[in-house]
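A, B, ... follow the sequence lines: proteins, then strands. Residue 1 opens every chain.
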Protein chains: 2
Amino acid sequence: MTEKMNRQWRLAARPVGTFKDSDFKWTEEPVPALNEGEMLVHNQYLSLDPTNRGWANETDTYLPAVKLGDVMRGGAIGVVEESRNPKFTAGDLVSGLLGWQEYAVSDGAGLAKLPAIPGIPLTAYLGLFGHIGLTAYYGLLDVATPKEGETLVVSGAAGAVGSLVGQIGKIKGCRVVGIAGTDEKCRWLTEELGFDAAINYKTENVAEALKGACPKGIDVYFENVGGEILDAVLLLINLGARISLCGMISQYNATDRPLGPSNLFMLIVRRARIQGFLVSDYMDRAQEAMTQLGQWLMTGKIKYRVDVVEGLEQTPRAVNKLFDGTNQGKLVVKI
Amino acid sequence: MTEKMNRQWRLAARPVGTFKDSDFKWTEEPVPALNEGEMLVHNQYLSLDPTNRGWANETDTYLPAVKLGDVMRGGAIGVVEESRNPKFTAGDLVSGLLGWQEYAVSDGAGLAKLPAIPGIPLTAYLGLFGHIGLTAYYGLLDVATPKEGETLVVSGAAGAVGSLVGQIGKIKGCRVVGIAGTDEKCRWLTEELGFDAAINYKTENVAEALKGACPKGIDVYFENVGGEILDAVLLLINLGARISLCGMISQYNATDRPLGPSNLFMLIVRRARIQGFLVSDYMDRAQEAMTQLGQWLMTGKIKYRVDVVEGLEQTPRAVNKLFDGTNQGKLVVKI
């Protein structure tokens with residue numbers, strides 16, 4: 001029997017600014033034999049997310065920093081190929097932090113077994129029915145509690161999370177304004193997803209455009225971006241506004257100390273709050289969100305798109321699509 | 001009968017940085033005759049508060065900006081001298097935004113009638129039993145919900161609000177760390193008020209000192225100051241931390257755009273929140289706080305001090321004591 005080889009991307013250097021190819025090293029090594037309790041997962045799709053960038057820094061965030069020389073951390077979906085773990089059997093579909101590699105050896109900790117539902121493509125488990133869908137669902141509904149008739153602003157609105165947040169906001173009866181980085185994305189938001197307005201932050205003055213698009217002020221802001229957009233939003237928040245802090249992608253590649261919002265005082269004037277959250281805190285409520293998101297998908301109330309890059313080799317270059325704004329929907333790599 | 005004269009400080013210019021004498025104009029004019037529904041209040045004590053500075057700016061905050069030429073807005077306590085308003089009679093003790101002047105003509109809107117309690121000095125109604133006490137009580141207990149065993153950090157800790165916040169935190173079983181601007185103030189906090197530790201932000205590295213004083217991290221932060229202290233606190237917050245945003249005095253005199261916190265991302269990492277509030281939202285619950293604060297005062301569990309400046313003429317100079325850190329407790333002017 002030929003020895004089975006594993007292809008991997010390992011973290012080779014601490015990135016400065018955006019990822020460079022030289023921050024990663026391609027390695028090929030034999031898949032090790034399984035110990036009792038372990039299983040071998042054949043990864044199918046890799047999820048690329050803004051949070052990957054933070055994990056590569058030297059300092060720990062909500063997870064420990066990836067060590068230099070280790071396989072790069074990343075969410076993935078795979079099929080169990082061989083199992084010496086009684087809880088999993090060959091053929092099981094699993095998702096978790098399986099890493100930027102073709103094969104992962106796992107003891108099952110942190111892995112979720114997924115139902116194979118006819119008609120649901122595998123990539124959906126990395127998006128709508130995975131951490132993306134849960135992030136949008138709970139980050140909006142639980143953290144920011146939007147009410148009918150309120151105005152919701154979403155930054156990173158054409159991204160995987162943002163596009164769902166806006167659509168859920170529409171379902172809940174909000175006026176929804178999205179902020180994105182190209183006219184094409186803005187058109188997608190208003191023409192296909194039903195957003196009430198969209199602002200191109202690269203060509204428009206965001207503060208002025210927000211004033212026009214939010215004549216009744218802003219009640220809920222779903223923050224994916226950070227930086228100047230947050231500052232512009234703060235000037236327009238209404239009494240009791242809720243800001244759900246999901247991510248701050250504009251700062252992940254910052255080499256200088258990121259600039260914070262100058263207008264935080266508005267939180268006092270408007271008795272408003274900024275609340276950070278992590279999707280991992282909602283895992284025990286995943287079923288509720290998936291059921292609801294599935295119904296909305298079936299009834300045509302939400303749409304989503306997936307941007308598939310072919311080939312594990314492409315991963316280091318593909319991940320920067322998240323930061324230069326060229327991805328179109330949930331970014332995944334087909335291994 | 002000699003015409004009764006009113007002495008007043010009017011806003012003469014928009015201040016740049018700290019208040020200057022030339023930002024105000026001293027005027028003397030006859031007290032006007034009362035119309036039906038009005039009353040004449042003889043002001044006794046004027047309350048000087050950091051928020052005065054914001055009201056003098058051109059832009060509205062939670063109240064409209066004071067107009068140039070108008071009597072400067074300010075909280076005060078006074079005695080009704082003459083009344084054509086059926087709800088008030090001569091001799092009533094009242095408090096409200098009576099302004100920087102000796103006499104105020106009022107229709108009663110926004111004024112509270114105060115009980116004259118034997119043994120309670122008039123100045124207490126501008127401090128412990130006024131907006132100061134309510135701000136500390138609800139801003140800590142309602143907005144930040146401290147629990148026994150948690151670590152509470154207070155900035156502006158030797159100020160009127162901060163010193164009460166720390167003492168209430170001790171009553172609730174917290175480890176309490178105060179940040180103030182002189183060694184004398186720090187000694188007062190630890191030796192007289194029972195704070196567990198105090199940090200002099202002018203002579204110590206706040207980030208390092210906080211690490212030492214908060215070995216279990218920070219669960220609650222009561223923010224009076226803004227700027228770099230908030231940034232240092234964010235690096236040490238625990239899971240689910242609550243930041244109660246009361247004021248940002250370090251920024252009120254800023255002539256440049258104030259710098260925001262660089263470490264806001266920690267709100268995500270620690271699933272924490274920043275919540276702004278205004279004491280005016282708690283006025284309908286004032287009785288609860290005053291009763292509780294009164295009990296704590298009687299049983300020696302809280303102490304407070306009042307810094308009395310003599311003479312209405314001194315007001316423009318006195319108000320800057322709030323910003324240069326030379327006030328000792330609640331700052332009032334005896335008219």
Side-chain angles (χ1 to χ4, degrees), chain A residues 50-51 53-55 57 59-63 135 138-139 142-144 223-228 230-231 234-235 237 239-252 254 256-282, chain B residues 50-51 53-55 57 59-63 135 138-139 142-144 223-228 230-231 234-235 237 239-252 254 256-282:
Chain A
T51 195
R53 179 61 187 79
W55 294 341
N57 284 338
T59 44
D60 298 343
T61 57
Y62 58 96
L63 288 178
T135 298
Y138 286 113
D142 196 76
V143 177
E223 170 67 298
N224 286 306
V225 167
E228 289 179 14
L230 176 55
D231 239 353
L234 282 168
L235 290 178
I237 53 173
L239 217 61
R242 289 84 65 203
I243 295 177
S244 178
L245 196 58
C246 175
M248 305 185 83
I249 195 173
S250 74
Q251 306 188 347
Y252 296 172
D256 294 327
R257 198 176 130 115
L259 281 182
S262 297
N263 300 323
L264 226 44
F265 190 77
M266 288 299 295
L267 294 180
I268 300 179
V269 176
R270 303 293 186 219
R271 295 80 141 175
R273 70 162 188 255
I274 301 182
Q275 170 81 51
F277 75 98
L278 278 179
V279 65
S280 44
D281 294 337
Y282 292 96
Chain B
T51 195
R53 180 60 187 81
W55 293 342
N57 285 337
T59 45
D60 298 343
T61 56
Y62 58 96
L63 289 178
T135 298
Y138 287 112
D142 196 75
V143 178
E223 170 67 299
N224 286 306
V225 167
E228 290 180 13
L230 175 55
D231 239 353
L234 283 168
L235 289 179
I237 53 173
L239 217 60
R242 289 85 64 202
I243 295 178
S244 178
L245 196 58
C246 175
M248 307 186 82
I249 195 172
S250 74
Q251 307 189 345
Y252 295 173
D256 294 327
R257 201 175 127 116
L259 282 182
S262 298
N263 300 324
L264 227 44
F265 190 76
M266 288 298 295
L267 295 180
I268 300 178
V269 176
R270 303 291 186 222
R271 295 80 142 174
R273 71 162 187 256
I274 301 183
Q275 168 81 49
F277 74 99
L278 278 178
V279 64
S280 45
D281 293 338
Y282 292 97

Which region of [X], side chain (C-beta onward) or backbone (N, CA, C, O), has a non-hydrogen atom less than 4.5 Å from a non-hydrogen atom of chain A, or is it both or neither?
X      : value
B:F277 : backbone
B:I243 : neither
B:D231 : side chain
B:S280 : side chain

Quiz item: Between B:D142 and B:Y282, is any pair of side-chain heavy atoms under 4.5 Å apart?
Solution: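 Answer yes - side chains close enough.
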Quiz item: Testing A:L245, A:T51, A:T61 for side-chain contact (heavy atoms from CB on, under 4.5 Å) with B:I268, which one passes?
Solution: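 Answer after filtering A:L245, A:T51, A:T61: A:L245.
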Quiz prompt | Contacts of A:R271 that satisfy salt bridge (charged side-chain N to carboxylate O under 4.0 Å, His left out) - sequence neighbours left out | solution =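 B:D281.
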Quiz item: Who passes salt bridge (charged side-chain N to carboxylate O under 4.0 Å, His left out) against B:D60, sequence neighbours left out?
Solution: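 Testing B:D60 for salt bridge (charged side-chain N to carboxylate O under 4.0 Å, His left out), a comparison that skips the adjacent residues, returns none.
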Self-check item: Side-chain donor or acceptor of A:R270 paired with backbone N/O of A:L239 under 3.5 Å
Solution: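 It does not hold such a pair.
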Quiz item: Quick one: of A:N263, A:L264, A:L230, A:L278, who has the most non-hydrogen atom pairs under 4.5 Å with chain B?
Solution: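 The residue among A:N263, A:L264, A:L230, A:L278 with the greatest pair count is A:L278.
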